[in-house]
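Data first, discussion second: the structure below is written as structure tokens.
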Amino acid sequence: MKYIYYPGCSLKSTGRPYEESLLAVFKELQIPMEELHDWNCCGATSYMSVDELKAFGLAARNLALAESQNGINGNGDPDVHIVAPCSACYLVLIKTERYLKEYKNERKAVIKGLKTIGLDYNGKAVIRHPVDVLFNDIGLESIAKHIKKPLKGIKVASYYGCQMIRPFELFDPVHYPVTLDLLVDKLGATPLDWPLKTRCCGGSLTGTLHEAGMRLNYRLLSEAKKRGADMIITTCPLCQFNLECYQDRISSYTGKKIEMPILYFTQLVGLALGIPEKKLGIHRSFIRFPNFQALEMEV
Amino acid sequence: MTFSFLRTRKWKYQKPSRIEQDKTVRRRIKYESELDIGFREKIAKMAWGERLDSCMQCGTCSATCPVSHYMDYTPRRIIDMVRQGFKEEVLNSFTLWVCASCYSCTVECPRGIKITDVMYALKREAIKQGFHPKRFLIPMLASKFYKQVLRHGRQNEGRLILSLYLSANPLLLLRNSKLAFRLWRRGRMKLFEKGIRNKASIRKLLSSIERREEEPVQ
């Protein structure tokens, strides 16, 4: 089965290290994946606030494109699995799929709209998150076989964010998700038990309602620091941006120095698999984790 | 620990002065005839708003909300005000815009009300009827986003924020210029992007869906 990769807008700009590391890890693990041709924006949270049906139409175009792309490839597999790494895209696509299943009239309207641009949607596309793919399809055991540099002695706080696990319980419990922690454990690092795993980072509020966003992020960062985390790993480009890029500002507001490296979980997996840092986009982050060089020396 | 920035910025807590409130004698309670009775039905009809009536006012939504202390009405009150028909108050409130759609309330609600989706429905109503405050960043971001996707098919974070701050408050650009520069230097920000290949198809798709919405679908 070939996965269809839906990057979303963020992974092409602020989330570039996520894209680089995701593609590198999937290549290393020999998971076949190709980018969705001519994908468009999923609409995120903003489109839904302006027009509901159009928002679903916009997201449905991607689903329809994925279905037709799978048909063109013709590898005899009826499964269409879209991998959406950005949590916002992931949720919007899942919501669209469920909405079109549940509401018949709206489904008709959206499908009619898609027909005007020569696309057809059958509701076969399944939307997956890379965490889901790594955990359920590939399996931790087969990832463990590929590990070349176990990340010994690093304490990792896994931050799941909101939209990957809420509101639909798909592959992880909503109240206390564990998949990332199990993954971190398999990589040789120490997963950290912290209660703010799924607490909101504020999303776009950091840009629009600055103070509220800063406060939410401060709480996450200081709690992780208090519990002795060496780094936080995230699954969403917006969470990573919020947690990383405003740290100097939060430090100056609160008078407490916070320097916490924020990595994508794929970067951490990539490090354990022995992929060079440059290929994982680690040089693009603001705060460097000091021990990466030492890790390489060990092996 | 002091949050000194709380006091200097615009969004500080303001203690309502009792003297000022009581200066004028005016009616502070709405008569039933002034309420918009159809409002409840309108919101309940929108996607995933069906269970609105089953709310038992337990307040779990307000308790789990990470940003409820920035709201003028808590989510619990909003739900009840929608049911009673306080249309102007609800659509004018900041609550709708402060909601970061983290879905905590939707997950916790014992009655299975999809509160985040109700908030979306209210946001749409507020934008449609022009209720949101002028030069308030959050609804402006939504409409800028909408226009950008309509034009390019994709969204560009750098350009989106640039155009938002330019039209709202150029001072914000100054404040964030250092961050923008650091992002650019690490190759994480692009101001120019081509967008999708078939841009006309997005416009065609969205306009055809718009027309369908006006006529009731059978």
Side-chain angles (χ1 to χ4, degrees), chain A residues 9-10 12-17 38-41 43-54 57-58 61 99 103 105-106 108-110 112-114 116-117 162-163 166-167 174-175 199-200 202-205 207-212 214-216 245-246 253-256 283-286, chain B residues 1-6 9 11 46-48 66-67 70 98 100-104 106-107 114 116 120-121 123-124 127 137-139 141-143 145-146 149 153-158 161 164 179 182-183 186-190 193 196-198 201-202 204-206 208-210 212-213 217-218:
Chain A
C9 309
S10 283
K12 295 289 176 190
S13 56
T14 50
R16 246 173 99 186
D38 210 31
W39 54 270
N40 60 271
C41 172
T45 53
S46 300
Y47 232 78
M48 190 71 82
S49 336
V50 180
D51 195 310
E52 181 185 31
L53 207 58
K54 277 186 195 179
L58 197 67
R61 181 178 177 268
Y99 176 86
Y103 295 89
N105 288 352
E106 282 77 357
K108 263 183 205 161
V110 168
K112 262 185 193 170
L114 285 172
T116 60
I117 56 165
C162 321
Q163 305 203 338
R166 283 197 299 255
V174 255
H175 290 106
R199 193 77 180 166
C200 180
S204 61
L205 285 186
T208 48
L209 192 60
H210 195 62
E211 180 210 304
M214 291 299 102
R215 253 201 192 246
L216 292 169
C245 300
Y246 292 108
Y253 288 153
T254 57
K256 280 184 183 172
H283 59 290
R284 294 190 197 281
S285 51
F286 284 10
Chain B
M1 185 193 67
T2 51
F3 269 94
S4 56
F5 64 99
L6 286 188
R9 302 214 186 249
W11 275 75
M46 292 202 199
W48 291 315
V67 282
Y70 290 97
V98 173
S101 30
C102 76
Y103 294 90
S104 303
T106 308
V107 167
K114 291 175 170 132
T116 314
Y120 274 131
K123 281 179 204 180
R124 287 195 292 272
I127 285 189
L137 283 174
I138 303 168
L141 176 75
S143 44
F145 190 103
Y146 184 86
V149 173
R154 282 179 203 167
Q155 176 252 119
N156 179 317
E157 287 162 335
I161 292 295
L164 173 72
L179 174 62
R182 288 177 77 191
L183 280 171
R186 283 167 178 79
R188 282 169 67 180
M189 197 167 83
K190 283 183 273 180
E193 211 176 348
I196 67 167
R197 259 181 290 134
N198 198 350
S201 74
I202 290 282
K204 208 172 163 190
L205 168 70
L206 293 181
S208 69
I209 287 176
E210 184 172 44
R212 295 282 183 282
E213 199 188 22
V217 187
Q218 293 306 313

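Chain letters run A, B, ... following the sequence lines, proteins first and then strands; every chain starts at 1.
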Max heavy-atom pair count under 4.5 Å with chain B, selected residue of [options]:
options                       : value
A/P167, A/C162, A/P17         : A/P167
A/V174, A/L216, A/T45, A/V110 : A/T45
A/G203, A/S49, A/G207         : A/S49
A/I117, A/L114, A/T14         : A/T14

Side chain from CB out, backbone as N, CA, C, O: work out which of these in [X] comes under 4.5 Å of a heavy atom of chain B, or both, or neither.
X      : answer
A/S10  : both
A/R284 : both
A/Y103 : side chain

Is chain A contacted by the side chain of [X], its backbone, both, or neither, given a heavy-atom distance below 4.5 Å?
X      : value
B/I196 : both
B/I127 : side chain
B/S104 : both
B/T106 : side chain

Just so I know, are the side chains of [X] and [Y] near enough to count as touching, which here means a heavy-atom distance under 4.5 Å?
X      : Y      : answer
A/Y47  : B/Q155 : no
B/K123 : B/P139 : no
A/E106 : B/I209 : no
A/N40  : B/N198 : no
A/F286 : B/R188 : yes
A/L58  : B/I202 : yes

Before giving the answer on side chain to side chain donor-acceptor pair (under 3.5 Å), spell out for A/Y253 and A/E211 the whole-Å C-alpha distance, their side-chain angles and the decisive distance to 0.1 Å. CA-CA 10 Å; A/Y253 288 153; A/E211 180 210 304; over 6 Å; no
Checking side chain to side chain contact (heavy atoms under 4.5 Å, CB included) against A/T208, which of B/I161, B/I138, B/V98 comes through?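 With A/T208 as partner, side chain to side chain contact (heavy atoms under 4.5 Å, CB included) holds for just one option, B/I138.
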